[in-house]
Visitor: 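Take a look at the following structure, please.
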Protein chains: 2
Amino acid sequence: MSLPHAILTALLEKPSSGLELTRRFDRSIGYFWSATHQQIYRELGKLEQAGHIRALPSDQPARGQKKDYEVLPAGLQELTSWVTRPEDPRQIRDPLLLRLRAAAVVGGPDMEAELVRHLELHRAQLEDYLAFEQRDFPPGRRITRQDRLRHVVLRGGIELETFWTKWLTDTLAELRDPEDGPTRHAAPDGP
Amino acid sequence: MSLPHAILTALLEKPSSGLELTRRFDRSIGYFWSATHQQIYRELGKLEQAGHIRALPSDQPARGQKKDYEVLPAGLQELTSWVTRPEDPRQIRDPLLLRLRAAAVVGGPDMEAELVRHLELHRAQLEDYLAFEQRDFPPGRRITRQDRLRHVVLRGGIELETFWTKWLTDTLAELRDPEDGPTRHAAPDGP
DNA sequence: TGAACCATGTAAATAGTTACATGATTAA
DNA sequence: TTAATCATGTAACTATTTACATGGTTCA
């Protein structure tokens with residue numbers, strides 16, 4: 001049930017049309033919740049029905065005409081209540097980990113090329129995130145609570161991609177040149 | 001398209017009935033690909049239709065009777081080819097990151113309790129994984145290629161949960177006692 | 001005028017979740 | 001003999017993906 005809330009968040013940041021939202025879901029918001037334009041148009045319809053958003057008045061509201069939406073008070077209230085509503089983290093569901101496990105069962109065909117490809121994709125994504133951080137959150141600057149929230153979210157993305165690059169690097173090394181098993185690292189203790 | 005492959009993998013490890021598979025999807029395999037019993041029964045039907053698995057002969061194949069499945073050569077072939085088939089990593093899709101971003105927009109209601117709750121859940125999961133590692137992959141033991149594959153998969157789970165506990169701990173500290181922004185860590189360079 | 005792009009949408013298929021139904025076996 | 005549990009399944013709903021349809025605008 002996150003897509004409507006992702007859309008409300010995006011519309012609060014800036015009233016937009018369906019296509020503009022789609023573009024923004026390819027960048028910022030989309031880095032943590034992706035959606036296609038079909039999902040977005042459908043959801044905009046539902047949100048309008050529910051009275052959470054409305055289309056801004058327009059001269060010619062015809063097919064093929066741009067239609068901008070803004071959030072109504074009911075929508076803001078729904079989003080606010082969703083923010084603190086308890087929701088358990090999802091189970092991990094990762095095809096690559098699953099494929100490695102399958103490889104163990106079918107006798108381990110060569111996955112090296114695929115692992116290298118994933119490593120490169122994750123490295124590229126990490127670089128992008130780090131560039132955003134440089135640009136939007138340069139060190140030693142007074143920031144608001146809102147900036148701080150946005151920054152920890154970006155740190156989440158950065159550290160996730162860091163995890164993947166590190167794990168893929170270790171895994172490749174382990175499968176190429178097996179020593180005594182994967183590197184172990186101490187689990188962090190609480191502060 | 002991963003569920004049928006998850007099931008084929010589980011059935012190769014051990015021929016099972018639908019309910020047994022459901023149990024195993026609550027443990028081992030399910031740590032990386034979860035599924036409900038309804039999904040599993042439906043998929044077993046499809047896999048049988050496709051000639052990838054078959055029900056083992058039984059005396060009384062009636063409703064309410066246990067039915068065990070085993071993988072046929074066609075199923076093994078399909079799984080083997082899937083293992084090396086290129087498939088891009090999924091975009092991140094995480095409700096908690098999204099909620100933090102929404103919090104930045106609606107004015108930051110108090111998410112501390114929810115963050116603490118998630119931290120505890122991730123810590124518990126991490127402990128479980130570490131216990132599995134102790135049990136199944138004790139240090140200093142000769143292991144086969146298959147064991148090595150299984151171990152790197154488990155390391156993936158361990159390091160993912162380590163990331164979450166660390167990021168949540170940092171985020172809580174940052175939102176409680178704001179200094180100059182989230183802690184930065186150097187990005188790893190390639191070897 | 002026609003190609004490229006902007007913009008909104010419909011349709012159909014696949015995937016996943018939630019609720020409920022039904023028969024078989026076992027043990028109090 | 002009834003309650004609990006094992007085991008398989010149906011139905012309905014929600015979410016997501018893929019393919020296609022339609023009209024408007026701009027510019028060569």
Visitor: Examine dA15(D): is either OP1 or OP2 under 4.0 Å from a nitrogen or oxygen in the side chain of Arg93(B)? Give yes or no.
Guide: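 So the side chain of Arg93(B) is outside the cut-off, no N or O lying under 4.0 Å from OP1 or OP2 of dA15(D).
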Visitor: Rounded to whole Å, how long is the line connecting atom NZ of Lys66(B) with atom P of dA24(C)?
Guide: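 It is 17 Å, rounded to the nearest whole Å.
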Visitor: Taking the side chain from Glu20(A) and the backbone from Ser17(A), do they hold a donor-acceptor pair closer than 3.5 Å?
Guide: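 Here the side-chain-to-backbone pair exists.
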Visitor: Between dT10(D), dT8(C), dC20(D), spot the one nearest the side chain of Gln38(B), thanks.
Guide: dT10(D)
Visitor: Is Tyr41(A) close enough to dT8(C) that one of its side-chain N or O atoms is under 4.0 Å from OP1 or OP2 there?
Guide: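 Checking Tyr41(A) against dT8(C): at least one side-chain N or O falls below 4.0 Å of OP1 or OP2.
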Visitor: Closest nucleotide of DNA chain D for Glu43(A) versus for Arg42(B): which of these residues is on the 5' side?
Guide: Arg42(B)
Visitor: Among dT17(C), dA19(D), dA15(C), which nucleotide has an atom closest to any side-chain atom of Lys46(B)?
Guide: dA15(C)
Visitor: Could you tell me the separation between the CG atom of Asp68(B) and the C1' atom of dA7(D), rounded to a whole number of Å?
Guide: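 Taking atom C1' of dA7(D) as the reference, CG of Asp68(B) is at 11 Å.
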Visitor: Is the closest basic N to carboxylate O distance between Asp88(B) and Arg117(A) below 4.0 Å?
Guide: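 Yes, Asp88(B) and Arg117(A) are salt-bridged.
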Visitor: Given that Trp33(A) and His37(A) both sit by DNA chain D, which one's nearest nucleotide is further toward the 5' end?
Guide: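 Closest to the 5' end, via its nearest nucleotide, is Trp33(A).
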Visitor: Could you state the CD-P distance from Glu87(A) to dT17(C), rounded to the nearest angstrom?
Guide: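 Answer to the nearest Å: 13 Å.
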Visitor: Counting only side-chain heavy atoms from C-beta out, which of dA7(C), dA19(D), dT8(D) sits nearest to Arg23(A)?
Guide: dA7(C)
Visitor: Checking all strands, does Arg90(A) fall into the base, sugar-phosphate, or nothing category for heavy-atom contacts under 4.0 angstrom?
Guide: nothing
Visitor: Counting only side-chain nitrogens and oxygens, does Thr36(B) get under 4.0 Å of the OP1 or OP2 atom of dT18(C)?
Guide: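 Result: no.
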Visitor: Do the side-chain N or O atoms of Gln39(B) get closer than 4.0 angstrom to the phosphate oxygens (OP1, OP2) of dT17(C)?
Guide: yes
Visitor: In whole Å, what is the span from the CD1 atom of Ile40(B) to the P atom of dA15(C)?
Guide: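 From Ile40(B) CD1 to dA15(C) P: 15 Å.
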Visitor: Can you tell me the distance, in whole Å, between the CG atom of Leu21(A) and the P atom of dG9(C)?
Guide: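 In whole Å, dG9(C) P lies 12 Å from Leu21(A) CG.
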Visitor: Is the shortest heavy-atom distance from the side chain of Leu160(A) to the side chain of Leu160(B) under 4.5 Å?
Guide: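 SC-SC contact between Leu160(A) and Leu160(B) confirmed.
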Visitor: Report the distance from atom CZ of Phe25(B) to atom P of dA15(C), rounded to the nearest whole Å.
Guide: 14 Å
Visitor: Rounding to an integer number of Å, can you tell me how far Ile7(A) CD1 sits from dA15(D) P?
Guide: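 So the two atoms are 12 Å apart, to the nearest Å.
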Visitor: I'd like to know if Glu78(A) pairs up with Arg85(A) as an ion pair, taking the criterion as any Lys NZ or Arg NE/NH1/NH2 lying under 4.0 Å from an Asp or Glu carboxylate oxygen.
Guide: yes
Visitor: Quickly work out the Lys67(B) NZ to dA24(C) C1' distance and round it to whole Å.
Guide: 15 Å
Visitor: Any idea which heavy atoms bring Leu175(B) and Leu115(B) closest together, and the distance?
Guide: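 Scanning both residues, the minimum pair turns out to be CD1-CD1, 4.1 Å.
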